Amino acid sequence: MIEYYYTYQSKIGEISIVEFNNYIVKLVIGNYQGINKETDLIKKCYKELDEYLNKKRKYFTIPLKINGTIFQEKVLLELAKVPYGETITYKELAKRIGNLKAVRAIGNALNKNPLPILIPCHRVIMSNSKLGGYKYGITLKKYLLNIEKSC
């Protein structure tokens with residue numbers, strides 16, 4: 001199979017959606033390099049993202065495939081269970097995966113999340129209620145959390 005991507009202009013800037021083997025495998029906030037083709041699945045993914053960004057969608061229905069280490073996959077699969085509008089601390093996420101010493105490693109796994117927004121790493125905050133980091137910047141993290149708070 002061939003990996004395809006398409007880049008859209010959205011409320012948060014350029015979003016590139018990558019499909020491989022009938023799964024969305026990557027969402028890049030910015031541009032991506034590869035074979036540029038707007039597939040039906042990529043169109044559906046963008047439609048759902050646009051609805052989310054416009055406060056009209058709380059859940060994504062598109063098929064996702066996580067490509068990462070076993071640990072990254074474990075963290076991201078657990079993170080995907082955090083409901084819309086809620087947050088979780090790094091420590092609580094470590095507890096849920098059964099490794100309380102993995103708080104820093106969880107931060108690294110979230111930084112490598114290939115599917116931001118779709119797998120909501122923006123919902124992870126620090127124990128003191130501060131936002132912590134976000135690969136695409138704190139401003140975007142606040143924006144995404146505010147979308148979910150206002151619905």
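Values in this document were obtained by computation on a predicted structure and should not be read as measured data.
Ala109 approaches Gln72 most closely through the heavy-atom pair CB-CG, 4.0 Å. Scanning all heavy atoms of the two residues, the minimum distance from Ser16 to Thr7 falls at OG-OG1, 2.7 Å.
Between Leu76 and Leu110, the closest side-chain pair of non-hydrogen atoms falls below 4.5 Å. In this structure, Glu14 and Ile29 have side chains that are not in contact, with every pair of non-hydrogen atoms separated by 4.5 Å or more. Residues Leu145 and Leu131 form a side-chain contact, since some pair of their non-hydrogen atoms from C-beta on lies under 4.5 Å apart. Looking at heavy atoms from C-beta onward, Leu118 lies in side-chain contact with Ile62 at the 4.5 angstrom threshold. Residues Pro120 and Tyr84 form no side-chain contact, since every pair of their non-hydrogen atoms from C-beta on lies 4.5 Å or further apart. Using a 4.5 Å heavy-atom threshold, the side chains of Pro114 and Asn67 count as separate. Between Tyr143 and Lys11 there is a side-chain heavy-atom pair separated by less than 4.5 Å. In this structure the side chain of Leu49 never reaches within 4.5 angstrom of the side chain of Tyr8, judged on heavy atoms.
Residue Tyr6 forms a side chain to side chain contact (heavy atoms under 4.5 Å, CB included) with just one option from Ile17, Val18, Ile15, Asn36, and that option is Asn36.
Identified under the ring-ring contact (aromatic ring centres under 6.0 Å, His included) test for residues 52-72, with sequence neighbours left out: Tyr52-Phe60. Here side chain to side chain donor-acceptor pair (under 3.5 Å) pairs that include residues 131-141, with residues two or more places apart or in two chains, number zero. Pairs of residues two or more places apart, or lying in two chains, that qualify as ring-ring contact (aromatic ring centres under 6.0 Å, His included) and include a residue from residues 18-41 are Tyr5-Tyr32. Counting only residues at least two apart or on different chains, the salt bridge (Lys or Arg N to Asp or Glu O under 4.0 Å) pairs with a member in residues 108-133 are Arg123-Glu148. Applying the side chain to side chain donor-acceptor pair (under 3.5 Å) test to every pair with at least one member in residues 86-98, sequence neighbours left out, gives these pairs: Glu92-Arg96.
One distance of note links CG of Leu93 with CD1 of Ile88; it measures 4.5 Å at 0.5 Å rounding. Put simply, CD on Glu19 and CG on Leu41 are 4.5 Å apart, with the number rounded to the nearest 0.5 Å. Between Ile12 atom CD1 and Leu140 atom CG the span is 5.0 Å, to the nearest 0.5 Å. We find the CD1-NE2 distance between Ile138 and His122 to be 12.5 Å, quoted to the nearest 0.5 Å. The CZ atom of Arg57 sits 4.5 Å away from atom CD of Glu51, with the distance rounded to the nearest 0.5 Å. Separation of atoms CD1 (Ile42) and NZ (Lys37) is listed at 9.0 Å; rounding is to 0.5 Å.
Without hydrogens or angle criteria, Asn54 side chain to Asp50 main chain gives a donor-acceptor distance under 3.5 Å. Counting only distance, with no hydrogens or angles, the side chain of Glu48 and the backbone of Cys45 share no donor-acceptor pair below 3.5 Å. The backbone N or O of Ile119 lies less than 3.5 Å from a partner atom in the side chain of Asn113, making a donor-acceptor pair.
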- prompt: How far apart are the C-alpha atoms of Asp40 and Lys43, what are their side-chain angles, what is the distance that settles it, and do they pass the side-chain contact (heavy atoms from CB on, under 4.5 Å) test?
  reply: CA-CA 5 Å; Asp40 289 341; Lys43 282 182 201 176; 4.2 Å; yes
task: Step by step, work out the side-chain contact (heavy atoms from CB on, under 4.5 Å) result for Lys44 and Thr61.
output: CA-CA 9 Å; Lys44 183 178 180 185; Thr61 64; 3.7 Å; yes
- request: Evaluate the side-chain contact (heavy atoms from CB on, under 4.5 Å) criterion for residues Ile106 and Leu79: first the C-alpha distance (whole Å), next the side-chain angles of each, then the deciding distance (0.1 Å), finally the verdict.
  value: CA-CA 10 Å; Ile106 284 172; Leu79 174 60; over 6 Å; no
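The 12-atom threshold is exceeded at CG of Leu100, counting heavy atoms of other residues, nucleotides or ligands nearer than 6.0 Å.
When the salt bridge (charged side-chain N to carboxylate O under 4.0 Å, His left out) test is applied to Lys142, no partner is found at least two apart in sequence or on another chain.
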